[in-house]
Structure formats: C-alpha cells, structure tokens
Amino acid sequence: MNWDQLEGKWKQAKGQVREKWGKLTDDDLELIAGKREQLIGRLQERYGIAKEEAEKRADEFVKSLTDEPVQKKRAAHQP
C-alpha cells in the first residue's frame, strides 16, 4: 500500500494504527487522516523521536500493510 491508498482507506487502517501506536489519541487519528506528514509529526510529538526515525517507522508501517495480505494469500495456497 502507498500513502495515497492509505488516505483512501484510512477508516479501515485506523485500527491498525491504533494498535501500532497506542499513544495516538482519537483526535490525532482524525487529524492524521492518512496523511504522511501529519502522522510523522504526531509520532514525533507523542513518542519524542526525531523526524527521520518517525519517517522510517511510518513508511515501514505502510509497507507492512501491503505485505500482510500477500503473505496470508501465500500461506493459504501452501499444502
């Protein structure tokens, strides 16, 4: 999944974001609305991390959303 897709599917992804980053509030999640820069800024604020680290974590998270269904499909096809 990329950031444009995440923004479009934000309502579905919010639960996963909440699980990953429990310090983010409901207001934070509404403000973020799938936008990369908003998520990075909130991660910096809530977790006290540098921008580069927040970018890395956010990008890895979005990539993991892409990989998860593929891994499940592969597992389902194995005998």
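Sequential numbering from 1 along the given sequence is applied to the chain's residues.
- Considering only heavy atoms from C-beta on, W21 stays 4.5 Å or farther from D28 through its side chain.
- Using a 4.5 Å heavy-atom cutoff, the side chains of V17 and I32 are not in contact.
- W3 is linked by a side-chain hydrogen bond (donor to acceptor under 3.5 Å, both in side chains) to D59, counting only residues two or more places apart in sequence or in another chain.
- Rounded to the nearest 0.5 angstrom, K20 NZ and E60 CD are separated by 7.5 Å.
- A salt bridge links R18 with D26: at least one charged nitrogen is closer than 4.0 Å to a carboxylate oxygen.
- Listed by chain and number, the residues in a salt bridge (Lys or Arg N to Asp or Glu O under 4.0 Å) with D27 amount to none (sequence neighbours excluded).
- Remark: side-chain polar atoms of W10 are paired, donor with acceptor, to backbone N or O of L29 under 3.5 angstrom.
- Between R42 and E45, at least one side-chain nitrogen of the basic residue sits less than 4.0 Å from a carboxylate oxygen of the acidic one, meeting the salt-bridge criterion.
- In this structure, CD1 in I40 is found 13.5 Å from NZ in K56, a value given to the nearest 0.5 Å.
- Looking only at side-chain heavy atoms (C-beta outward), L6 and R36 stay at 4.5 Å or farther from each other.
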Anything under 3.5 Å between a donor and an acceptor, one on a side chain of residues 47-55, the other on a protein residue two or more places apart or in another chain? List them.
| from | atom 1 | to | atom 2 | distance (Å) |
| --- | --- | --- | --- | --- |
| Y47 | OH | G22 | N | 3.2 |
| Y47 | OH | K23 | N | 3.0 |
| E53 | OE2 | R57 | NE | 2.8 |

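- Using a 4.0 Å cut-off between a side-chain N of Lys or Arg and a carboxylate O of Asp or Glu, K14 and E30 qualify as a salt bridge.
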